[in-house]
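Chain identifiers are assigned alphabetically (A, B, ...) following the order of the sequence lines, protein sequences preceding nucleic acid strands; residue numbering begins at 1 within each chain. Just so we're clear, the structure is a prediction, and the values are computed from it rather than from any experiment.
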Amino acid sequence: MCADTTDPTTPAAPEGTDYRDTLFLPETDFPMRAGLPKREPDWLARWEKLAVYTRLRESAGERPVFVLHDGPPYANGHLHIGHALNKILKDFVVRSAQMRGYDSRYVPGWDCHGLPIEWKIEEQYRKKGKSKDAVPVNELRAECRRFADEWIDVQRAEFKRLGVIGNWEDPYLTMAFDAEAVIAEEFHKFVMNGTVYQGSKPVMWSPMEKTALAEAEIEYHDRQIDTIWVKFPVRMAASNIATGGAPGSDLLDAAVVIWTTTPWTIPSNRGIAFGAEIAYGLYEVTEAPEGNWVTAGEKLVMADALAADILGRARLEPGSYKRVRQVGAEELAGLTCAHPLAAADGFWGYDVPVMAADFVTDDTGSGFVHCAPSHGEDDYELFRQKGLLDRITHNIGPAGEFLEHVPFFAGNFILDRKGREGTANKVVVEKLREIGALAATRRQTISDAHSWRSKAPVIRLNRPQWFVAIDKPLDDGMGAHGQTIRERALKSINELVAWYPKTGQNRLRSMIENRPDWVLSRQRAWGVPLACFCRTTPEGRVELLQDAAVNARIVEAFRTEGADAWFAEGARERFLAGVPDAGQWEMVTDILDVWFDSGSTHAFVLRDRADGPADAIADVYLEGTDQHRGWFHSSLLQGCGTRGRAPYKAVVTHGFTLDEKGQKMSKSLGTGVAPQDVIKQYGADILRLWVAQCDYTADMRIGPEILKGTADSYRRLRNTLRFLLGALAGFDEAERVEPAEMPELERWVLHRLAELDERVRKGYEGHDFQGVMQSLFTFATGDLSAFYFDIRKDALYCDAPDSLRRRACRTVLDLLFHRLVRWLAPVLVFTMEEVWLSRFDAAGEGEDSVHLHDFPETPAAWRDAALAARWERIRAARRVVNGALEGPRREKTIGASLEAAPTLYVADPETAAALQGIDMAELCITSGLSIAEHDVPAEAFRLEDERLGVVFHRAEGEKCARCWRVLPDVGRHARPGLCGRCDSVIGAGGR
RNA sequence: GGGUGUGUAGCUCAGGUGGUUAGAGCGUACGCCUGAUAAGCGUAAGGUCGGAGGUUCGAGUCCUCCCACACCCA
């Protein structure tokens, strides 16, 4: 139909006729402002009603299974931002795996046993004036259970509010009866394979309360103490390396000087440590006052840096001693000393070896550290490494008293009844002085550990503990990856597990390479007991009962009654029934370290539950970097001991959340960010977007300014989607156009989509959420909003509905919609559901959800590298035009770009070729644009590329009242004030 | 004190094996539009690449030391 033939009786339109109604403007009810805090709960309710997680499981069919195994948070308080970060990252993994085509299962869990809860309950008792010891164990345990239960409900609601999908109806709990049964059963595996043994290890011990303390129960206060320098006579020197003296060495009549802040540990001394990097010298005293502790002729070995200080404190004048010679590390390592108290009693007649250790310094003291492996962790560790743990002493009792067998000191206490300094230090110092072993003393103030409860000082005391030997070869038929737990763990780390980021591998490896045996026992109440029996053999060895029938009976009881069965009356007789010599066996009443509980989750979750993977190995464990020492570690050791390998195939780690300045969040500075507050102010999607925009492999900052920025980004993205919805209003399948028939601009968008499809899928697969978001965000703002949408508004608003250009555009918008919305759905779970429903189920009455769909297949054939390269040049030329319009605009020559019709000079043949057949006026949103393949005139506007220039011209003609383009033919058509295109669109009954 | 890691524009991040005036998005400023409108478009200003040495013709990129921050351990 020709527009010019329309009814000539059409009344002349008055000036400024409004053709607005003839346009196809965007139509959508999708609100520009999100109102997330208010609306998110509605979508949560909808998903609950639809049972999205269950539906996905039921419709999984033959999809491959993917399992992210949840590391259980501890059930004792509201969620903090770190929990939110962790669960949101997991949600990205779970949801993107589902949408990539997996049957992606996620069972959340909770860690329920352990000290913090037990402590809370004790605190409640104390407030009521009750003593914990007066309460039956199972009563205390029941209270702990109730406490955990309450917090699990709170945390579950808080996690769900974040939009995290999973089996929230049926999570796993380490305190569930079946979990407690499996934990005990797993422990029995270690009992039966012979790796569990009793040893002892120094722990923080409060003599006042006669109990071991955890790090959390310790506080540090300043305290005045008497430090002492003590002489240890050299007993033997390795003569072949002795230098500078006669055979037999000049050190044989010297003494090594040690320094200690705890004189009461001297009777428990079993060694001396020195630093291989420290300079030592042999000093000889030439002159000393009458009755001095250090006398003329004495030879002492000490660090050069400290010698003057020590000898001064020993009341020697600067000129009254001399440095005889240097003493090297090799020589020191060959020394053996006598215990200074050996001179007083044969009890101390043993050898005291001198050993190199890396914890010795020469800042203070003497450069020699006296080692009491029962009373110091460094000391213990050194003795463990040297294989000397059989030399551990047992001289101190639980109240901090010297035991009966200790000569001279028996009965003296380290602390008195009020927690103040007792007599132990005094008598030891006095004895050392009496026998001439003391070199000097100094009173000083140090910061030292005190009990949080009694405020009294704390000591280190070795207590019997149960260990798992990690270097013992196992004859368990699971040797495919090594014979010992350590071998299997290292093999797993090196070959069986993928690490995101890579650095996690080294971190865990160096920990496993260096770690000592695994201490399992805690002297506490709220946990799974080491459900086993032990006895001491006539030779003094402690052995464990290895009886499968007894174990089975215990596990069965735990399964039906919980681990409380162990602490119930008559438990011993019940479980030992039928065992010969039952009377010899004692119950072990310690409980398992909670890391053993959580290290066993793979057994009672991945292996035992119907929703676990077939091989009972998780695809991913994802936690903070602190879990290299924690859950990754304990799960690895546990798995290697019970099934021969790590229970995971990949480990993803994230950093910590810091305040806006990159420092730890602080309550007192008010820099803390609570997830509940973010949700209240902005909504969970903003928090999720923040997570997706961070580099989670490092530490992440969060605060008001950062959240505001995130909300800004969100708004930009939201509006782009809103435009998409509006432009797609009433889209009909009949409009669809094949790519081959589309204009180049549309095919360029399809090319970008094909590129992004690969980027997004690979990004999600590699857990690179930041990369995915950055690509999508730049695409949405740079390629769509500022380029494609801006250009196509004319066609969308003004073209006839059946125009190929408009149909092609709407086809592409539909393809864009499905990809953008679904690609973003794992991150912006709420908003993408809103967008989805706004298009497909505005009333929200149906059963569809974007979360029930996969990422759409994107044809590889959409890729067109040649076309993409050409459009790079086209866009570069467009940028020059944009720049050129800025001048006239500032000078008020023009306002809108449609008032311009510039000339583009192209002196670059490749760009000229690229522009062939391209309507640059359309792309630049000008009313006209002529291209001159010509040298760029001097007056032309140009950017960096000298071969492209633009000379400005105003567009000739009138402004079309409908499409606003300024064209020469406006006014020459049937309807007044219109250009040919618009006139014909209306004539065709467009609207 | 030890181990591990991080440090590029106001913010969030890019910057294979060292190579021309260090990039993107957001924010900011200014201008335009008023048919995505508590929106949209354009232009611009922002960086001693934590600091100091060194290797090299040339270093954000390699080496050494230092500083700050974090996690784990002591």
Check: What is the nucleic acid contact for A:G726, judged by heavy atoms within less than 4.0 Å: base, sugar-phosphate only, or nothing?
Finding: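 Answer is nothing: A:G726 stays at 4.0 Å or more from every strand.
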
Margin query: For a quick check of understanding: with a heavy-atom distance under 4.0 Å over all strands, which category does A:D378 fall into, base, sugar-phosphate or nothing?
Written below: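 Since only primed, P, OP1 and OP2 atoms lie under 4.0 Å of A:D378, the category is sugar-phosphate.
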
Checklist line | Candidate nucleotides B:rA36, B:rC71, B:rG10, ranked by approach to the side chain of A:E705 - the nearest | finding: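 In terms of side-chain proximity for A:E705, the closest of B:rA36, B:rC71, B:rG10 is B:rG10.
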
Note to self: Against the six-membered ring of A:Y19, is A:R975 placed for a cation-pi contact (under 6.0 Å from the centre, within 45° of the normal)?
What the structure shows: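 Ring-cation test returns no.
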
Check: A:F656 stacking on B:rA70: centroids under 5.5 Å, ring planes under 30°?
Finding: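 By the stated criterion, A:F656 and B:rA70 do not stack.
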
Specify the separation, in whole Å, of atom [atom1] of [X] and atom [atom2] of [N].
X	N	atom1	atom2	result
A:R33	B:rU37	CZ	P	14 Å
A:N514	B:rC72	CG	C1'	13 Å
A:E660	B:rA68	CD	P	22 Å
A:D699	B:rA68	CG	P	17 Å

Margin query: Please report the distance separating the P of B:rU43 from the corresponding atom of B:rG5, rounded so that it comes out in whole Å.
Written below: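 43 Å, rounded to whole Å.
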
Ion pair present between [X] and [Y], side-chain N to carboxylate O less than 4.0 angstrom?
X	Y	value
A:D799	A:R981	yes
A:D699	A:K664	no
A:R942	A:E946	yes
A:R879	A:E944	no

Notebook entry, point to check: For A:Y797 and B:rA36, is the shortest distance between a side-chain N/O and OP1 or OP2 below 4.0 Å?
Noted result: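 Result: yes.
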
Note to self: Below the 4.0 Å mark, does B:rG40 have OP1 or OP2 next to a side-chain nitrogen or oxygen of A:R716?
What the structure shows: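 It does, given that an N or O in the side chain of A:R716 lies less than 4.0 Å from OP1 or OP2 of B:rG40.
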
Note to self: Quick check: on RNA chain B, is the nucleotide nearest A:T697 upstream (toward 5') of the one nearest A:L658, or the reverse? Name the residue that is more 5'.
What the structure shows: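 The residue whose closest nucleotide sits nearer the 5' end is A:T697.
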
Next item on the list: For RNA chain B, just give me the dot-bracket, please: Watson-Crick or G-U, both distances below 3.5 Å, ( ) intra-strand, [ ] crossing earlier pairs, | paired with another strand, . unpaired.
Entry: (((((((..((((.....[...)))).(((((.......))))).....(((((..]....)))))))))))).

Margin query: Can you say whether a donor on the side chain of A:S785 sits under 3.5 Å from an acceptor on the base of B:rA36, or the other way round?
Written below: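 Looking at the base of B:rA36, it does pair with a donor or acceptor on the side chain of A:S785 (distance under 3.5 Å).
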
Next item on the list: Using the salt bridge (charged side-chain N to carboxylate O under 4.0 Å, His left out) rule, pick out the option among A:R889, A:R965, A:R954 that qualifies with A:E899.
Entry: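 The single option meeting the salt bridge (charged side-chain N to carboxylate O under 4.0 Å, His left out) with A:E899 is A:R954.
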
Check: With sequence neighbours left out, what residues match A:H80 under ring pair (Phe, Tyr, Trp, His ring centres under 6.0 Å)?
Finding: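 If we apply the ring pair (Phe, Tyr, Trp, His ring centres under 6.0 Å) test to A:H80, skipping adjacent residues, the hits are A:H83.
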
